[in-house]
Amino acid sequence: MMDPTCEQAKALMAAAWMPGELNEAQASWLHMHLTGCAACSEEMVLLGNMWQRLGDLPVPEPSPALRERWEQTLQALTVPQYTHARPAARSAWWRNFWPANPAWQMAIAALCLAVGLGAGFSMHRGDAERDEVARLRDEVASTKEMVALSLLQQQSAVDRLRGVDYSARMPSMEPQVISALVQAVNLDANVNVRLAAIDALGKVANNTRVLESFQEALPRENSPMVQAALIDYFVQAHDRNAVGTIQDLVAKPDVNPTVRERATYAVHQLAQ
Amino acid sequence: MSTVNTSSDHELMTAVAGGDLHSMSELYERRHKALFRFFFRLSGRQSPAEDLTHEVFLRMIRYRHTYQSGEMFEAWMYRIARNVFADHTKKHRLEIPAAEGQMEMIESSRPTPHDSAVKEQDLTLLRRALRELPAEKRELIVLSRFQGLSYEAMGRILGCESGTVKVRVFRAMKEMGQVFHNLRREKAS
């Protein structure tokens, strides 16, 4: 069995290797013990030498790229989040245009009403043929929409991809189609479907609902490719409201380095 | 002209926790090299050591709200660093760090002594002995010998008494000594 004083000596030997860790009383106790214990004394010499030699190992230095990467990241994280600066400017412009005098305000309102009524009457005079063509066109559009929506609900990812493709080819996107595509971006299990849906929604890049929904989708998204596509979407739409969401992604420790670079770049672009 | 920031690490981190992310710059200046060296000694590789260093600072920002007012910054930082390294090892299954062939060597800037060949050989064996230690023992030696931490500070990081840390460091050194002598014997035979 090990002598308890030897066990105590081990802690003091480790303390002796480091400057300032051993007080006078401990140093003298250790000295006494080492004088009388050959085994501890031998360990002290051997391990003490090794401790010293560890100090001869060269000191590693980080590359300059590490600092550059950090500076870029910090810059992206410290860009202020942009809020509604533009609408405020627009309302100021409108205030200048709109007369303060109530009489003028009433006159402008009456003029608008008269123009509206006139335009309504002239449009109503359209012939029956034109109405029929418009009705047929609507029917075709709604059939296409139904096909697209139905394909987007299929179990097979290939069919859902076809549904996305079909939606993308439509001349204009109805709210129902937009909703289905947004749902695909948020919930579809297949990365290709999510990517294709983001691509298809590029047509309505200024749609507030789509942008808001993408801001919710980005933190949940696991695929680096989809994350990158969402970031590109925000840049394309110049959505400054997304800066905070992108910054959060940059700060995530486990985010893909390429996505982080792209996100950092996006924050710079949106800040301009 | 650059000004010297005299705020303590704790003051800077408190400012970061309060939303002043610019204070992170100074903390980075003060701490990034030590963290890089910590990760390099543990992993033996330059590029992962840099990635992990970067990640520690990102986690500090991300989890800044968890920084407590009575906390010691250094202990908090190293606890994050240990978690980052544990996650990295789990992800990359790097329980055993770079083998000798894969080990990235660092050029020594120290003047070469006349018996450099023997000394260099010893240093290589020493480096290998450190690498071959189990992860938790390697970490003990890295923290005590290379990071300049007191046993008390290590106790705060590892969550144990400083007396326990001393005994564990002694045992880690003893095991390293055995590995070193075995390697030396192998080399001689």
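Each chain gets a letter, A, B and so on, in the order the sequences are listed, and its residues count up from 1. Quantities reported herein were computed from a predicted structural model and do not represent experimental measurements.
Looking at B:F36, only its side chain comes within 4.5 Å of chain A, counting heavy atoms on both sides. When heavy atoms are compared at a cutoff of 4.5 Å, B:R168 does not approach chain A at all. There is no contact between B:L52 and chain A, counting heavy-atom distances below 4.5 Å. For B:L21, the parts sitting under 4.5 Å from any heavy atom of chain A are the backbone and the side chain alike. Contact annotation for B:T53: only side-chain heavy atoms (C-beta onward) come within less than 4.5 Å of a heavy atom of chain A. Contacts between B:S162 and chain A at a heavy-atom distance below 4.5 Å are absent for every atom of the residue. Contacts between B:D51 and chain A at a heavy-atom distance below 4.5 Å involve backbone atoms as well as side-chain atoms.
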Open item on the list: Could you go through A:E21 and B:K166, starting from their C-alpha distance and side-chain angles, then the distance that decides it, and tell me whether this counts as side chain to side chain contact (heavy atoms under 4.5 Å, CB included)?
Closed with: CA-CA 10 Å; A:E21 287 280 349; B:K166 288 175 199 167; 4.2 Å; yes
- [ ] Could you walk me through whether A:W70 and B:H32 pass the side chain to side chain contact (heavy atoms under 4.5 Å, CB included) test, one step at a time?
- [x] CA-CA 10 Å; A:W70 166 250; B:H32 83 281; over 6 Å; no
TODO: Go through B:L58 and A:R260 one step at a time and tell me if the side chain to side chain contact (heavy atoms under 4.5 Å, CB included) criterion holds.
DONE: CA-CA 11 Å; B:L58 285 175; A:R260 182 173 286 137; 3.1 Å; yes
Task: Steps toward side chain to side chain contact (heavy atoms under 4.5 Å, CB included) verdict (A:M50, B:K174) - done: CA-CA 10 Å; A:M50 187 164 290; B:K174 193 170 173 182; over 6 Å; no
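Here the closest non-hydrogen pair linking B:E50 and A:L66 is O-CD1, 3.3 Å. In terms of heavy atoms, A:A251 sits closest to B:R62 at O-CD, 3.6 Å. When all heavy atoms of B:S144 and A:W51 are compared, the pair lying nearest together is OG-CH2, 3.5 Å. Shortest non-hydrogen contact noted between A:A11 and B:G163 is CB-O, 4.5 Å. The minimum heavy-atom distance between A:W17 and B:M173, with the atom names listed, is CZ3-CG, 3.5 Å. Nearest heavy-atom pair, A:L46 versus B:H181, reported as atom, atom and distance to 0.1 Å: CD2-NE2, 4.4 Å.
Between A:T78 atom OG1 and B:I61 atom CD1 the span is 8.5 Å, to the nearest 0.5 Å. From B:H22, atom NE2 reaches atom CG of A:L77 across 10.5 Å, with rounding to the nearest 0.5 Å.
When side chains are defined from C-beta on, A:P60 counts as touching B:R41, because their heavy atoms get closer than 4.5 Å. Here the side chains of B:M176 and A:L47 are not in contact, with every heavy-atom distance at 4.5 Å or above.
Annotation: A:E261, atom CD; neighbour count of heavy atoms from other residues, nucleotides and ligands within 6.0 Å does not exceed 12. By the 6.0 Å contact criterion, CD on B:E152 is open, its count of non-hydrogen atoms from other residues, nucleotides or ligands being 12 or less. Annotation: A:H31, atom NE2; neighbour count of heavy atoms from other residues, nucleotides and ligands within 6.0 Å does not exceed 12. Around atom CE of A:M18, more than 12 heavy atoms belonging to other residues, nucleotides or ligands sit under 6.0 Å away. More than 12 non-hydrogen atoms from other residues, nucleotides or ligands lie less than 6.0 angstrom from OH of B:Y67.
Using a 4.0 Å cut-off between a side-chain N of Lys or Arg and a carboxylate O of Asp or Glu, B:R37 and A:E61 qualify as a salt bridge. Residues B:R171 and A:E7 are paired through a salt bridge, judged by an N-O separation under 4.0 Å between the basic side chain and the carboxylate. Salt bridge status for B:E29 with A:R67: present, with a side-chain N to carboxylate O gap under 4.0 Å.
Options B:F146, B:F170, B:F57, B:F180 differ in how many heavy-atom pairs under 4.5 Å they form with chain A, and the most are formed by B:F170. In terms of non-hydrogen atom pairs under 4.5 Å with chain A, the most contact-rich of B:L126, B:I141, B:V169, B:V84 is B:L126. For the set A:R53, A:R69, A:E43, A:M13, the entry with the most heavy-atom pairs within less than 4.5 Å of chain B is A:R69.
Panel note: side chain B:Y28, backbone A:L74; no donor-acceptor pair is recorded below 3.5 Å.
Looking only at atom types and distance, the side chain of A:S63 has no donor-acceptor partner in the side chain of B:Q46 under 3.5 Å away.
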